[in-house]
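Everything below concerns the one structure shown next.
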Amino acid sequence: MKKIIKQFIKLKLLIIINIILSNIFLSNAFSRENFIVTTVNKIPITKKDVINRAKLLLFSLENKNDPRNLINFYNQSLNSLINEKIILSAGLKIKKNIIEIVTPRANQLLLNEFNNSEDKLKKFINELSIPKTKLLEKYQSQLVWGLVLKNKFNKQLEKLDQIVENDLEDKKNRKAEDLYDLAEIVISKDNNKILLNQIKSALNRGVSFLDLAKQISISSSSKYKGKIGWKNYQNLPNYIKSKKIDLNEGDIISYATNDKVKIIKILAKRINGKFSKSEMEVIIAQIKFPINFQKKEVAYNKIKNELKGLLFNQQNCKNLNLLKKQNKNHSLNIIKSRIADLSSKIQIVIRNIELYKISQPIFFGNHGFTYIICDTKKPKPERETILELKNKIMQKQFLIYSERHLKRLYKEANISYIKKLN
């Protein structure tokens, strides 16, 4: 029996080693030859640039680094990079050192994505074999774009006080209407059917819509995790109105425009202007645990019993911090969010569970996740300060001006396609 177990372990090790070597070989094969794919206003985009961006898109969808699937993300990656080079060339016209100006802030934004941990950032960079400079590019682009729009539409933004007053008046008139809180993912239309299907598959598995929007969408709304704000029915996309679609919370609608595909999610819905339960804010403890060679139910029951012991007779989640000390295989993440902004799978498992109780598990790859609600906060009538309202209006105006100005710059740009990617 011992010999059989040893042979089984050896076989598993050989399989793992083969997978690692295959990935190294494929990765080297992809990166061996580098060349310019496209130039945008004389700014080059190379094969390695496209591959690095494709790695990020693949990881955001599948949470793994598999070079064999990268080709499915080339088109979206190239379009994202073209947009960013158009933005960069517009920024360079304002200030020649604009990248140096925005880089410190871009560094901080990137670090925030890894809970301000340099170790977690380095681990991610090593895992995906991507230079840090390539991770920074998206944040740099967003910051440069903010400066470009501020420079271009400075006079319009000076009239913000009047826009705020108009918005306040508009809110008074639409209190009794149904309102819809929307988020979007925008991808290019050409040759992206596979990517569209992969996005839908990822959403079905429970990947967060907002996280995907942030990483994948080529719309300026990606800066806000795809959120485009509250709208009444008349202000919804024309596709939805023309089809007279009855919208409910959690619905996802996709449709094509001339050159893009848009995926819209209804995050929350206010019937007659009244708050939805999904607007409740929650503080959730997410516990990640390994499955390894166990049955899923066995792995879940082990962590469940451990958590029950930590939470016994407790009126808060502080004891969960002991989990980090007791077991390095488990990880604890505290999520502060509206229920509406959580992934659909998380919303389902936390629905109707009491405070400090352990949810049913969600399994993903070799890991399981369970959730504990540590605190809740009901939504209250909005009593926004003028500054808060101005910030919201500024976000709306940013998206309006952004789409308009980027279209214009795209038409004016000198884009040369040098060599196709295979």
Side-chain angles (χ1 to χ4, degrees), residues 163-186 199-200 203-204 206 208-214 217 219-257 260-282 337-348 350-352 376-386 388-400 402-403:
I163 296 173
V164 169
E165 286 181 24
N166 292 341
D167 192 72
L168 284 170
E169 190 62 33
D170 185 46
K171 277 187 177 180
K172 289 178 187 177
N173 296 330
R174 54 183 167 91
K175 274 185 178 177
E177 289 184 294
D178 289 353
L179 299 173
Y180 307 87
D181 191 18
L182 306 186
E184 66 177 4
I185 296 172
V186 181
I199 290 171
K200 290 178 178 178
L203 293 173
N204 288 334
S208 164
F209 188 98
L210 300 184
D211 288 344
L212 284 184
K214 184 173 183 178
S217 181
S219 169
S220 296
S221 62
S222 65
K223 179 179 180 181
Y224 307 109
K225 293 190 170 183
K227 289 187 177 184
I228 50 179
W230 288 94
K231 298 182 184 292
N232 60 15
Y233 202 87
Q234 284 305 113
N235 290 325
L236 291 173
N238 288 330
Y239 176 85
I240 293 174
K241 290 188 292 183
S242 66
K243 300 288 184 181
K244 297 181 180 179
I245 299 172
D246 183 25
L247 299 173
N248 295 299
E249 290 183 340
D251 284 353
I252 296 175
I253 299 103
S254 60
Y255 60 93
T257 64
K260 296 181 178 68
V261 174
K262 293 193 175 186
I263 307 164
I264 304 290
K265 181 173 184 180
I266 314 303
L267 298 173
K269 178 181 178 180
R270 291 179 182 173
I271 299 173
N272 294 326
K274 293 180 181 178
F275 283 112
S276 163
K277 288 182 181 179
S278 65
E279 292 182 76
M280 180 184 288
E281 292 186 8
V282 289
S337 170
R338 290 191 315 169
I339 291 175
D341 298 337
L342 297 168
S343 77
S344 56
K345 284 283 180 76
I346 297 176
Q347 288 188 45
I348 290 169
I350 68 167
R351 189 179 294 156
N352 302 324
T376 62
K377 184 179 177 182
K378 290 183 178 179
K380 293 180 180 179
E382 294 167 345
R383 294 178 181 174
E384 296 170 309
T385 65
I386 294 296
E388 287 171 335
L389 193 53
K390 277 186 176 181
N391 286 336
K392 282 191 175 181
I393 299 294
M394 184 72 81
Q395 180 176 324
K396 285 182 181 178
Q397 294 302 114
F398 172 84
L399 294 176
I400 292 167
S402 179
E403 189 170 353

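Positions are given from 1 along the sequence. The model shown is predicted, which means the values in this text are computed figures rather than measured ones.
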- Task: Supply the atom-to-atom distance E281 CD to K378 NZ, rounded to the nearest 0.5 angstrom.
- Result: 14.0 Å
- Between CD1 on residue I199 and CG on residue L212, distance to nearest 0.5 Å: 7.0 Å
- Could you tell me which residues satisfy salt bridge (charged side-chain N to carboxylate O under 4.0 Å, His left out) with D341, sequence neighbours excluded, listed by chain and number? K227, R338
- Set of side chain to side chain contact (heavy atoms under 4.5 Å, CB included) partners for K200, sequence neighbours left out: L196, S254
- Item | Residue list, side-chain hydrogen bond (donor to acceptor under 3.5 Å, both in side chains) with S402, at least two apart or on another chain | W145, S220
Would you be so kind as to tabulate the donor-acceptor pairs closer than 3.5 Å made by side chains of residues 239-249, with sequence neighbours excluded?
{"unit_1": "K241", "atom_1": "NZ", "unit_2": "Q234", "atom_2": "O", "d": "2.7"}
{"unit_1": "S242", "atom_1": "OG", "unit_2": "N238", "atom_2": "O", "d": "3.1"}
{"unit_1": "S242", "atom_1": "OG", "unit_2": "Y239", "atom_2": "O", "d": "2.9"}
{"unit_1": "E249", "atom_1": "OE1", "unit_2": "S276", "atom_2": "OG", "d": "3.4"}
{"unit_1": "E249", "atom_1": "OE1", "unit_2": "S278", "atom_2": "OG", "d": "3.3"}
{"unit_1": "E249", "atom_1": "OE2", "unit_2": "K269", "atom_2": "N", "d": "2.9"}
{"unit_1": "E249", "atom_1": "OE2", "unit_2": "S276", "atom_2": "OG", "d": "2.4"}
{"unit_1": "E249", "atom_1": "OE2", "unit_2": "S278", "atom_2": "OG", "d": "2.9"}

- Query: What residues form a side-chain hydrogen bond (donor to acceptor under 3.5 Å, both in side chains) with S219, not counting sequence neighbours?
  - Reply: E184, S221
- Who pairs with K260 by side chain to side chain contact (heavy atoms under 4.5 Å, CB included), at least two apart in sequence or on another chain? V186, I218, T257
- Note on the structure: Hits for salt bridge (charged side-chain N to carboxylate O under 4.0 Å, His left out) against K223, two or more places apart or cross-chain, chain-then-number order -> none
- Query: Considering all heavy atoms of both residues, which atom of N232 and which atom of Y180 are nearest to each other, and what is their separation?
  - Reply: C-CD1, 4.4 Å
- Item | Verdict with supporting geometry, I264 and L236, side-chain contact (heavy atoms from CB on, under 4.5 Å) | CA-CA 10 Å; I264 304 290; L236 291 173; over 6 Å; no
- Note on the structure: The side-chain hydrogen bond (donor to acceptor under 3.5 Å, both in side chains) partners of S217 (sequence neighbours excluded) come to none
- Message: Let me confirm one number: the CD1-CG distance from I339 to L267, rounded to the nearest 0.5 Å.
- Response: 13.0 Å
- Who pairs with Y233 by ring pair (Phe, Tyr, Trp, His ring centres under 6.0 Å), at least two apart in sequence or on another chain? none
- Nearest heavy-atom approach of I263 to F209 is O-CZ, 3.4 Å
- Query: Do L182 and P237 have side chains that get closer than 4.5 Å, going by heavy atoms?
  - Reply: yes
- Under 3.5 Å donor-acceptor, N272 side chain and E177 backbone: no
- Message: Please report the interatomic distance NZ(K265) to CG(D251), rounded to the nearest 0.5 Å.
- Response: 10.0 Å
- Query: What residues form a side chain to side chain contact (heavy atoms under 4.5 Å, CB included) with D211, not counting sequence neighbours?
  - Reply: S208, K225
- Check K345 against N204 and note the closest heavy-atom contact, atom names and distance. NZ-O, 3.4 Å
- Item | Any residue meeting salt bridge (charged side-chain N to carboxylate O under 4.0 Å, His left out) with K214, in chain and number order, not counting sequence neighbours | E113
